[in-house]
Amino acid sequence: MSKVLFFLIFVSIYFGSSTVYSQGVLKDEVKPEIDSVGNNRSIFGKVKTSFSMDVLTFSRNLRFRENEHTVNFENRVAKLDRGDFGAYFRPLISFEIDNIKLDIQPRLNTEYDQINKEYVLDNFFFQKFKADVQLGTKVKLSGGRYFKTIGTSLITNPSNLFFIETNPINPKLEIAPKDFFEIAFSATKDLNINLIANLGKGEDKYYVAPYFDFKRQYGVQVDFYSGSFQNGLIFSIDESKRWGVGTYGQKTVGNSLVFWIDANLKYKPNRFYSQIPMAPEIRDIINYEMVNGEENSHVYVQGLFGMSYTFNFGPTLNLEYYHNGIGYNRSQLDRYWTMIYQASDYNFDISEQLSNRNMGRAINPGMQFIRKNYIFSQFGQNDLFGKLNFFVRYLNCLDDKSQQLSALIEYNLSNRLELFTTVLFNPTRNTKTDFGRLVKNQIMTGLIYRL
């Protein structure tokens with residue numbers, strides 16, 4: 001009951017206020033990677049076509065932890081490259097005919113594989129393959145493969161019940177899409193009701209072995225608008241009877257100050273935690289295993305409060321407090337670090353295979369953050385001097401005192417050419433912390449040419 005009460009407090013604090021600002025205020029602060037500059041547009045009868053493409057070239061250097069008794073001992077699990085380079089080709093193609101629109105975003109990513117010492121085609125996939133059909137003025141059908149944006153935060157969106165990762169750490173990388181079918185009703189000019197079916201895992205690697213089993217998930221989303229006002233509420237349930245309720249919204253005070261909320265209530269979330277093996281044949285080989293089991297059979301709350309202030313000279317400061325109810329409790333955390341410490345001792349045959357599976361799940365346990373209480377902040381500005389975009393983020397885990405600093409700088413050399421740099425730095429030396437357990441720092445520099 002205390003968790004339900006905590007969720008209701010999150011909701012009541014927000015919904016007790018009156019004026020809400022549009023969700024787009026915060027989302028527009030990060031410049032989209034697909035730009036319409038240079039689009040070639042033609043009309044053949046009733047068919048409208050549009051094409052553009054970004055070519056992103058980059059060089060990247062990474063320092064990570066691989067010493068004994070860490071989660072990626074000898075880099076045998078994550079298999080990270082210390083330095084690589086490559087080119088990402090990102091076309092955007094659209095077709096419109098009468099009330100039908102088709103958006104296609106194929107992706108061709110090529111990178112240098114440092115481990116195998118060769119430059120290879122990394123993967124080809126569709127970041128978006130979506131059809132929209134407008135039936136009159138009230139109903140729209142949508143279906144295909146795409147990432148579905150829900151929520152108000154720039155760091156993490158607990159109200160988005162369909163994705164584990166909702167905002168990338170590196171803004172130049174894209175989040176893997178899933179397969180959806182949706183029916184949207186415009187009940188009134190102020191009220192939208194959306195029926196959502198997540199029918200396939202798409203490109204989401206969280207649902208590939210040794211991670212979670214994909215289950216079809218269904219939801220109802222309600223959005224209410226009134227001028228500069230928006231509230232959102234979403235309910236979802238999957239085939240294994242896991243369910244969640246999410247809510248989001250924003251309000252403005254004056255011309256510069258904005259407050260928002262983004263929260264959920266979840267029952268039986270997908271989450272790996274460490275336990276002593278139940279099966280004797282496993283217990284005879286290793287001491288712990290990462291499972292998605294009975295300890296998840298509870299109701300959890302995740303939620304954040306946020307605010308932003310835009311200074312009259314241009315930049316915006318964002319601050320958020322995030323409570324991650326599914327983060328590990330003390331007992332789970334002790335088992336988690338003990339398992340990681342012992343994993344490097346398993347170096348033979350089946351014991352090494354089981355240990356590697358555990359470490360993979362320990363790196364990606366189904367949570368963006370593994371502790372319970374965080375402070376997030378961001379400071380930045382778009383179009384400084386008409387050419388420069390910059391954003392600096394500082395994340396702090398209140399539970400273990402670990403920290404993360406990251407930055408994005410974009411400079412438009414011309415209408416078609418952009419120079420960018422992203423930097424990430426984890427100053428914490430303690431490996432038994434959220435931000436200190438895997439990556440030390442990373443820098444990525446490149447050019448984007450827009451055709």
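Sequential numbering from 1 along the given sequence is applied to the chain's residues.
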### Query
Do Thr421 and Met444 come within less than 4.5 Å of each other through their side chains, counting heavy atoms only?
no
### Task
Kindly assign one of parallel, tilted or perpendicular to the pair Phe212 and Tyr207, based on the angle between their ring planes and the thresholds 30° and 60°.
tilted
### Task
For the pair Lys205 (side chain) and Glu203 (backbone), establish whether a donor and an acceptor sit closer than 3.5 Å, ignoring hydrogens and angles.
yes
### Message
Checking the side chain of Thr252 only, and the main-chain atoms of Leu257 only, is there a donor and an acceptor separated by less than 3.5 Å?
### Response
yes
#### Entry: Neighbour count above 12 (heavy atom, 6.0 Å) for Ile97 CD1
yes
### Listed partners of Phe420 passing ring-ring contact (aromatic ring centres under 6.0 Å, His included), at least two apart
none
#### Entry: Derivation of the side-chain contact (heavy atoms from CB on, under 4.5 Å) call for His298 and Lys266
CA-CA 8 Å; His298 304 283; Lys266 279 184 178 178; over 6 Å; no
### Message
Other residues, nucleotides and ligands only: do more than 12 of their heavy atoms fall within 6.0 Å of CG on Asn329?
### Response
yes
### Message
For the CG atom on Asn430, are there more than 12 heavy atoms of other groups (residues, nucleotides or ligands in this structure) within a distance under 6.0 Å?
### Response
yes
### Query
What do you reckon, is CD1 of Ile169 surrounded by more than 12 foreign heavy atoms closer than 6.0 Å?
no
### Message
Taking the basic N atoms (NZ, or NE/NH1/NH2) and the acidic carboxylate oxygens, is any pair closer than 4.0 Å for Lys140 and Glu182?
### Response
no
### Query
Hey, does the side chain of Lys178 reach the backbone of Phe162 with a donor-acceptor pair shorter than 3.5 angstrom?
yes
### Salt-bridge criterion met for Glu295 and Arg271 (N-O under 4.0 Å)
no
### Query
With a cut-off of under 6.0 Å to the ring centre and 45° to the axis, is Lys201 in cation-pi contact with Phe214?
no
### Query
Is it true that Phe376 and Phe369 have ring centroids separated by less than 6.0 Å?
yes
### Query
Between Tyr273 and Tyr328, is the gap from one ring center to the other below 6.0 Å?
no
### Query
Just by modelled atom types, is the Tyr322 backbone N or O under 3.5 Å from a matching donor or acceptor in the Glu320 side chain?
no
### Query
Can a salt bridge be assigned to the pair Glu294 and Lys268 using a cut-off of 4.0 Å between side-chain N and carboxylate O?
no
#### Entry: Glu289 and Arg361 ion-paired at < 4.0 Å
no
### Message
Check this for me: does any side-chain nitrogen of one of Arg371 and Asp434 sit under 4.0 Å from a carboxylate oxygen of the other?
### Response
no
### Query
Would Phe180 and Tyr146 count as a close aromatic pair, with their ring centres under 6.0 Å?
yes
### Query
Is the ring centre of Tyr88 less than 6.0 Å from the ring centre of Phe58?
yes
#### Entry: Donor-acceptor contact present, side-chain Asn441 to main-chain Phe425, <3.5 Å
no
### Message
Under the rule for side-chain contact (heavy atoms from CB on, under 4.5 Å), what residues qualify as partners of Val439, not counting sequence neighbours?
### Response
Leu62, Leu424, Asn426
### Query
Does the side chain of Tyr288 come under 3.5 Å of the side chain of Gln275 through a donor N or O and an acceptor N or O?
no
### Lys/Arg N to Asp/Glu carboxylate O, Asp103 vs Lys130, below 4.0 Å
no
### Query
Ignoring hydrogens and geometry, is there a side-chain-to-backbone donor-acceptor pair from Asn264 to Ser159 under 3.5 Å?
no
### Query
Is any side-chain heavy atom of Phe390 closer than 4.5 Å to a side-chain heavy atom of Asn382?
no
### Query
Can we say Arg107 and Glu174 salt-bridge, meaning some charged N sits less than 4.0 Å from an Asp/Glu carboxylate O?
yes
#### Entry: Glu165: partners by salt bridge (charged side-chain N to carboxylate O under 4.0 Å, His left out), with sequence neighbours left out
none
### Task
Measure from the side-chain N and O atoms of Arg437 to the backbone N and O of Ala362, and report whether any donor-acceptor pair falls under 3.5 Å.
yes
